[in-house]
Enquirer: 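One structure, pasted below without further comment.
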2 protein chains.
Amino acid sequence: MGLTKSEIYTEEQNRLANIAKAFGHPARVAILQHLFKVNACVCGDLVNEIGLSQATISQHLKELKNLGLLKGNIEGTSICYCIDIENWQNVSTYLQVFLNQKPTNLGECC
Amino acid sequence: MGLTKSEIYTEEQNRLANIAKAFGHPARVAILQHLFKVNACVCGDLVNEIGLSQATISQHLKELKNLGLLKGNIEGTSICYCIDIENWQNVSTYLQVFLNQKPTNLGECC
DNA sequence: TGTATTCATCGTAATATTGCAATTAATAAA
DNA sequence: TTTATTAATTGCAATATTACGATGAATACA
């Protein structure tokens with residue numbers, strides 16, 4: 001039905017999936033990479049840097065902000081975006097614990 | 001238009017996004033967690049373990065296989081799935097390089 | 001040879017996501 | 001005040017994803 005049944009999963013499973021989903025689009029990867037490089041960037045610069053419309057960039061920024069990965073300072077009519085390093089590390093670590101898990105016992109069949 | 005414009009992104013950006021997308025659904029997180037725990041598991045067990053139909057589980061397994069995260073051995077009428085540890089580590093490391101990047105210069109505004 | 005079991009695939013329906021044009025809101029500058 | 005600039009929001013269209021029932025393919029067992 002296209003509707004993810006979030007209620008049958010654990011908190012951790014839903015949180016991991018939500019975090020991963022934020023990185024699951026090349027536009028958001030590109031935005032994050034650019035912000036890491038310049039570490040201070042207004043929305044308009046991102047529109048020029050990446051080949052998408054201002055409206056679309058704004059939507060992707062919103063998703064990244066919802067996860068707490070970005071923070072922004074208002075500078076006149078523009079907003080300067082940066083990576084929220086502290087939160088980035090929290091989110092990043094949470095995902096990396098999952099990525100670094102090992103099998104509890106060696107496989108007997110494969 | 002609902003169509004991701006992959007051609008405007010770098011190889012790396014597309015690859016990172018594809019990897020992240022595989023982890024971007026709680027059912028796939030749950031499947032991977034279970035496989036890590038028991039390290040050998042047929043599809044039917046996953047259907048019981050997770051509350052989804054056999055058809056849906058099979059679809060999710062396909063996506064994980066496409067990324068090379070799983071390998072399977074045929075055992076009679078059933079298939080035994082395991083984590084492909086070597087490939088898991090390749091994929092995992094690729095994503096973690098991205099997650100562990102640092103800003104090149106300190107932000108001046110945020 | 002059936003029959004049962006197990007997983008894959010197909011068809012479908014519904015929700016989610018992506019992308020953009022148009023509009024709105026807010027501030028700066030004239 | 002008016003105009004310009006910048007970003008957010010809204011509304012729409014199209015593609016993508018999720019989920020399941022039905023069906024198909026392959027093997028084990030009788």
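Proteins come first, then strands; the chains are lettered A, B, ... in the order of their sequence lines, and each starts at number 1.
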Enquirer: C:dC20 C1' sits how many Å from A:Leu52 CG, rounded?
Expert: 10 Å
Enquirer: Any chance you could list the contact pattern along nucleotides 2-10 of chain C? Use B for base contacts, S for sugar-phosphate-only contacts and - for none, protein heavy atoms under 4.0 Å, 5' to 3'.
Expert: ---BSBBB-
Enquirer: Would you kindly give the CZ-to-P distance between B:Arg28 and D:dT18, to the nearest whole Å?
Expert: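 The distance from CZ of B:Arg28 to P of D:dT18 comes to 5 Å, rounded to the nearest Å.
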Enquirer: Can you tell me how far apart CG (A:Leu32) and NE2 (A:His60) are? Round to the nearest 0.5 Å.
Expert: 11.0 Å
Enquirer: Roughly how far apart are B:Leu35 CG and B:Ile83 CD1, rounded to 0.5 Å?
Expert: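 Separation between the atoms: 5.0 Å.
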Enquirer: Is there a side-chain contact between A:Lys21 and the phosphate of C:dT17, meaning an N or O under 4.0 Å from OP1 or OP2?
Expert: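 Affirmative; the distance criterion is met.
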Enquirer: Can you find a side chain N or O atom of A:Lys5 that sits less than 4.0 Å from OP1 or OP2 on D:dC20?
Expert: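 For D:dC20, OP1 or OP2 has a side-chain N or O of A:Lys5 closer than 4.0 Å.
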Enquirer: What integer distance in Å separates A:Leu70:CG from D:dA8:C1'?
Expert: 15 Å
Enquirer: Does a nitrogen or oxygen in the side chain of A:His25 sit under 4.0 Å from OP1 or OP2 of D:dA16?
Expert: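 For A:His25, the contact criterion (side-chain N or O under 4.0 Å from OP1 or OP2 of D:dA16) is not met.
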Enquirer: Can you measure B:Leu64 atom CG to D:dT17 atom P for me and round it to whole angstrom units?
Expert: 14 Å
Enquirer: Is the count of non-hydrogen atoms from other residues, nucleotides or ligands lying under 6.0 Å from A:Lys65 atom NZ greater than 12?
Expert: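 Buried by this count: over 12 neighbours within 6.0 Å.
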Enquirer: Rounded off to whole Å, could you give me the NE2-to-C1' distance for the A:His60 and D:dA7 pair?
Expert: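 Distance, rounded to whole Å: 16 Å.
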Enquirer: With rounding to the nearest 0.5 Å, note down the distance linking CG in B:Leu95 to CZ in B:Arg15.
Expert: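 Here the rounded value is 10.0 Å.
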Enquirer: To the nearest angstrom, how far is A:Glu49 atom CD from D:dA7 atom P?
Expert: 14 Å
Enquirer: Should we count CD of B:Glu11 as having more than 12 external heavy atoms under 6.0 Å?
Expert: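 At most 12 heavy atoms, drawn from other residues, nucleotides or ligands, come within 6.0 Å of this atom.
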Enquirer: Report the distance from atom OG1 of A:Thr4 to atom NE2 of B:His25, rounding to the nearest 0.5 Å.
Expert: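 Rounded to the nearest 0.5 Å, the OG1-NE2 separation comes out at 3.0 Å.
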Enquirer: Grab the CG-P distance between B:Leu3 and C:dT18 for me, whole Å please.
Expert: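 Nearest whole value for this atom pair: 12 Å.
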Enquirer: For A:Ile50 and C:dT18, what is the distance between atoms CD1 and C1' respectively, to the nearest whole Å?
Expert: 14 Å
Enquirer: Using heavy atoms to find the nearest nucleotide of DNA chain C for A:Ile74 and A:Ala27 separately, return the residue whose nucleotide is more 5′.
Expert: A:Ala27
Enquirer: Around A:Ile8, counting heavy atoms of other residues, nucleotides and ligands shown, do more than 12 lie under 6.0 Å from its CD1?
Expert: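 Yes - once you tally the heavy atoms of other residues, nucleotides and ligands closer than 6.0 Å, there are more than 12.
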